[in-house]
Number of protein chains: 4
Amino acid sequence: MSTTNTGPGAQSRHVTAILDAATRRFAQTGYHGTSMRDIGAEMGMHAGSLYVHIRSKEDLLDAIVWDIAQSTERRMEAVLAAGDTPVDKLRTIAEEHLRWVAANPDAATVYFHEWRHLKGERLERVKAARARWTRGLRDIIQAGIDEGAFKPMDVRLAGLAFVGMLNSTYRWLRPDGDLDTAEIAGTFMDFLLHGWAAG
Amino acid sequence: MSTTNTGPGAQSRHVTAILDAATRRFAQTGYHGTSMRDIGAEMGMHAGSLYVHIRSKEDLLDAIVWDIAQSTERRMEAVLAAGDTPVDKLRTIAEEHLRWVAANPDAATVYFHEWRHLKGERLERVKAARARWTRGLRDIIQAGIDEGAFKPMDVRLAGLAFVGMLNSTYRWLRPDGDLDTAEIAGTFMDFLLHGWAAG
Amino acid sequence: MSTTNTGPGAQSRHVTAILDAATRRFAQTGYHGTSMRDIGAEMGMHAGSLYVHIRSKEDLLDAIVWDIAQSTERRMEAVLAAGDTPVDKLRTIAEEHLRWVAANPDAATVYFHEWRHLKGERLERVKAARARWTRGLRDIIQAGIDEGAFKPMDVRLAGLAFVGMLNSTYRWLRPDGDLDTAEIAGTFMDFLLHGWAAG
Amino acid sequence: MSTTNTGPGAQSRHVTAILDAATRRFAQTGYHGTSMRDIGAEMGMHAGSLYVHIRSKEDLLDAIVWDIAQSTERRMEAVLAAGDTPVDKLRTIAEEHLRWVAANPDAATVYFHEWRHLKGERLERVKAARARWTRGLRDIIQAGIDEGAFKPMDVRLAGLAFVGMLNSTYRWLRPDGDLDTAEIAGTFMDFLLHGWAAG
DNA sequence: TATGAATGAGTGTTCATTCAT
DNA sequence: TATGAATGAACACTCATTCAT
């Protein structure tokens with residue numbers, strides 16, 4: 001119901017199915033609150049049988065999170081490379097982000113909620129990817145300020161506000177909602193660009 | 001480092017110390033990722049000794065979360081009862097919220113991150129309290145629209161944007177940051193009221 | 001060494017082995033005095049490994065006790081249905097009972113000693129089965145009185161005397177004893193029918 | 001509700017109260033199924049406070065059981081020393097036994113059910129006392145045979161039948177029963193002496 | 001005399017993982 | 001490829017017992 005496994009690096013159908021099951025359970029009961037038995041049960045399989053296809057539970061979390069981190073970063077790179085204005089770049093990011101969250105709420109939950117249960121190098125790798133993404137976002141905002149589209153402001157806080165608004169959507173945004181994700185993204189961008197104040 | 005146990009209903013010093021230790025560990029490794037031994041170790045105590053003072057691990061999570069939920073709700077009631085304008089009410093909420101998050105980052109993390117590991121009635125109780133808080137927030141925003149301070153807009157999305165911005169601060173806001181929490185709250189309110197757009 | 005698992009409803013060989021080990025330990029040190037580690041040790045297994053085959057410690061006690069309760073009841077039904085005289089029925093019951101106790105002293109000990117540690121519905125179920133058995137016994141004695149084989153007497157006390165004599169055998173009757181169980185049963189029946197008094 | 005602490009060797013009022021509480025709980029949930037907390041709760045005391053008066057849990061079981069074992073043995077000695085006929089001796093034993101069981105059902109339950117959880121020397125001491133009692137009983141029966149009151153029979157089985165009948169009364173005999181204990185003892189003796197058979 | 005607090009071992013049970021089949 | 005069985009460590013929690021107060 002929720003991962004993004006296409007293109008190069010695609011795993012066997014089995015692994016994909018396990019990752020999907022794990023994504024669902026991790027989203028619902030958390031990484032440490034989910035047992036391998038739970039994941040197996042989700043697939044009609046015994047816990048031990050999972051190890052035919054995977055190496056460890058942490059591998060599952062890492063695969064889910066790292067896959068998302070990577071494609072998120074790739075999207076940021078594409079946006080940065082495009083010839084759009086800063087405002088259009090942010091709009092693109094918001095739209096894509098919300099579309100993806102609505103389509104993959106479980107994966108989003110794991111990505112924003114459970115990633116921190118990774119350990120050591122894997123944790124650092126994800127942190128670094130997130131940091132690069134954040135830097136990209138700030139660069140866009142800074143460019144907006146530089147070219148006079150945005151007022152002078154604290155770029156770091158602006159970025160955190162943007163991210164906070166967008167990332168928290170995984171808590172409530174569902175594919176069957178009555179509002180179109182593009183509409184929501186538009187509204188959020190409008191809030192951020194022009195504010196609530198009348199006149 | 002993190003609870004809010006003052007006034008009536010205050011527990012014994014022992015229980016308070018255990019709740020603080022639990023708050024720290026739950027914030028760092030999550031509820032299911034924290035063992036009673038971890039909490040005991042944090043206090044230089046054996047896991048079993050904790051049970052002289054508490055009844056169960058879930059009691060700890062509940063005590064931490066419910067205490068915050070209640071005082072959060074009480075603050076909302078006070079704000080709603082005050083004679084301020086909607087804008088001032090939101091400003092008060094933002095300021096108090098950020099001040100509390102900065103002062104209690106661990107408690108905030110548990111409150112926003114781990115509450116969902118509660119079960120049954122306790123979970124429902126917290127959900128209901130959060131829903132009442134959200135309703136209060138929307139009432140303020142709606143009042144702002146009604147009296148012409150805000151433009152007409154989707155109240156639900158506006159509330160979610162506000163909450164998303166504020167609640168995500170527990171991920172980065174620390175007491176030793178260089179920026180004053182009141183300043184940050186002011187900047188966030190400015191973003192929300194007037195937007196980033198220049199001119 | 002001691003259960004009666006034949007016929008339909010027979011468990012896997014593993015479960016049977018665990019039940020046998022549990023029967024031995026429960027008989028020796030009592031239900032609450034036996035740990036899952038003890039049962040595991042009896043089988044050269046770790047305590048946790050038992051849970052591959054069973055669900056709980058109480059399940060073990062229930063399986064042991066309920067299995068005996070059922071077959072005991074079935075035997076009573078068969079005896080009641082047979083065309084024998086009351087005296088012959090009692091004789092059959094005594095003989096079968098002592099033969100079973102001698103062959104399964106551990107199971108008998110658990111059945112007569114540890115059944116009360118069952119809880120809730122399981123306890124009630126066993127109590128009810130025992131009550132039905134007792135009622136059967138009284139019916140036989142009453143029939144004996146009615147047809148003039150026995151003198152008029154308090155049926156309840158007669159039943160309790162019979163049961164007390166029979167059931168207490170689990171404390172001393174062992175398969176390797178020098179006396180044949182049929183002989184012992186015969187002697188007991190003779191005591192009960194004609195008494196010790198000379199002449 | 002149930003011990004027999006009079007005469008020499010009487011303990012402090014506190015110890016007596018603890019022994020009574022322990023007797024009640026041991027009877028209901030068994031020795032290993034009863035915690036010191038349970039016993040304390042029965043007295044409105046903390047578990048630790050019991051140790052002001054006693055030395056260990058096993059001491060409690062031993063005190064309860066050994067006290068009964070001793071007075072039981074003393075009674076047997078008195079009966080043996082009396083000038084009665086064997087039949088009268090048995091009758092006295094039965095009457096006293098049932099009267100005591102009816103008056104002290106909890107103590108009786110512990111004595112007949114839980115004594116085996118004693119360990120080492122204490123266990124042996126109780127076993128020996130019971131063996132001496134049994135020998136006394138057999139001597140009486142043998143005397144009855146020798147003087148022609150009883151038919152020739154297996155003394156050991158006769159003793160076991162007598163004991164089985166009497167000792168099992170702790171399972172059902174209660175002080176508030178409608179039948180007088182003397183009556184019940186009389187009926188049991190009649191069963192044993194003259195049997196059920198009519199004519 | 002009793003308490004409140006603590007200990008350290010032990011409870012029943014679940015965990016992620018392995019491996020012969 | 002999947003299972004059934006097992007492991008050994010860990011889990012939340014309770015135990016009998018101790019001891020300063």
Side-chain angles (χ1 to χ4, degrees), chain A residues 12-15 17-18 31-40 43-61, chain B residues 12-15 17-18 31-40 43-61, chain C residues 12-15 17-18 31-40 43-61, chain D residues 12-15 17-18 31-40 43-61:
Chain A
S12 86
R13 216 155 265 162
H14 290 282
V15 174
I18 294 174
Y31 176 69
H32 284 301
T34 300
S35 73
M36 294 304 281
R37 235 199 201 154
D38 291 336
I39 298 172
M43 311 184 56
M45 234 185 201
H46 288 220
S49 305
L50 298 171
Y51 289 83
V52 172
H53 309 286
I54 62 153
R55 284 223 306 267
S56 74
K57 189 186 176 189
E58 214 202 337
D59 271 15
L60 290 179
L61 181 59
Chain B
S12 86
R13 214 155 265 165
H14 291 280
V15 174
I18 294 174
Y31 176 69
H32 285 302
T34 300
S35 74
M36 293 305 281
R37 270 181 187 83
D38 291 336
I39 297 173
M43 311 186 58
M45 234 187 203
H46 288 227
S49 305
L50 299 171
Y51 289 85
V52 172
H53 309 286
I54 63 155
R55 284 226 303 268
S56 74
K57 188 187 177 188
E58 213 202 336
D59 270 15
L60 290 180
L61 181 59
Chain C
S12 87
R13 216 155 265 163
H14 290 281
V15 174
I18 294 174
Y31 176 69
H32 284 302
T34 300
S35 74
M36 294 305 282
R37 276 167 185 82
D38 290 336
I39 298 173
M43 310 186 58
M45 235 184 201
H46 288 226
S49 305
L50 299 171
Y51 288 83
V52 172
H53 308 286
I54 62 155
R55 285 226 304 266
S56 73
K57 188 187 177 189
E58 213 201 338
D59 269 16
L60 289 180
L61 181 59
Chain D
S12 87
R13 215 155 267 162
H14 290 283
V15 174
I18 293 174
Y31 176 69
H32 284 301
T34 299
S35 72
M36 293 305 280
R37 236 200 200 156
D38 291 335
I39 297 172
M43 312 185 56
M45 234 186 202
H46 287 221
S49 306
L50 299 171
Y51 288 83
V52 172
H53 309 286
I54 62 153
R55 282 224 305 267
S56 74
K57 188 185 175 189
E58 215 202 335
D59 270 16
L60 290 179
L61 181 59

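Letters A, B, ... are given to chains in the order of the sequence lines, protein chains preceding strands, and every chain is numbered from 1. No hydrogens, no waters, no symmetry mates; every other heavy atom, side chains included, goes into these values.
Nearest-nucleotide positions on DNA chain E place B:His53 closer to the 5' end than the other of C:Ser49 and B:His53. A residue-by-residue look at B:Met36 and D:Thr34 shows that B:Met36 has its nearest nucleotide of DNA chain F further toward the 5' end. Residues D:Ala47 and C:Leu50 each lie close to DNA chain F; by heavy-atom proximity, the contact nearer the 5' end of the strand is made by C:Leu50.
In terms of phosphate contacts, A:Tyr51 brings a side-chain nitrogen or oxygen within less than 4.0 Å of OP1 or OP2 of E:dT17. Contact between the side-chain N/O atoms of C:His14 and the OP1/OP2 oxygens of F:dG4 is not found at any separation under 4.0 Å. Phosphate proximity of E:dA5 to D:His46: absent, as no side-chain N or O sits under 4.0 Å from OP1 or OP2.
In this structure, A:Met45 and A:Val52 have side chains that are not in contact, with every pair of non-hydrogen atoms separated by 4.5 Å or more.
Following rounding to the nearest Å, C:Ile18 (CD1) and F:dG4 (C1') show an atom-to-atom distance of 13 Å. Distance D:Met43 CE to E:dT3 C1': 15 Å, rounded to the nearest Å. One atom, CD of B:Glu58, and another, P of F:dC11, lie 18 Å apart when rounded to the nearest Å. The distance from atom CG of B:Asp38 to atom P of F:dC11 is 7 Å, rounded to the nearest whole Å. Atom NZ in C:Lys57 sits roughly 15 Å away from atom P in E:dG10 (whole-Å rounding). In this structure, the CD1 atom of B:Ile39 is 11 Å from the P atom of F:dC11, given to the nearest Å. The NE2-P distance, from A:His32 to F:dA10, rounds to 14 Å in whole Å. In this entry the distance linking CZ of A:Arg55 with C1' of E:dT17 reads 14 Å, nearest Å.
A pairwise comparison of heavy atoms in B:Ala17 and B:Met43 identifies CB-CE, 3.7 Å as the closest pair. Contact record, A:Ile18 with A:His53: CD1-CB, 3.7 Å, taken as the closest heavy-atom pair.
The main-chain N or O of B:Ser35 is never found under 3.5 Å from a side-chain atom of B:Lys57 such that the two would form a donor-acceptor pair. Checking side-chain atoms of D:Tyr31 against main-chain N and O of C:His32 turns up no donor-acceptor pair under 3.5 Å.
Looking at C:Arg37, its side chain comes within 3.5 Å of the base of E:dG12 through a donor and an acceptor atom.
Of the listed nucleotides (F:dT17, F:dC13, E:dC15), E:dC15 has the atom at the smallest distance from the side chain of A:Ser35.
Taking a pair to require two hydrogen-bonding distances under 3.5 Å in either a Watson-Crick or a G-U wobble arrangement, E:dT11 pairs with F:dA12. Applying the Watson-Crick and G-U wobble criteria (two distances, each under 3.5 Å), F:dT21 pairs with E:dA2.
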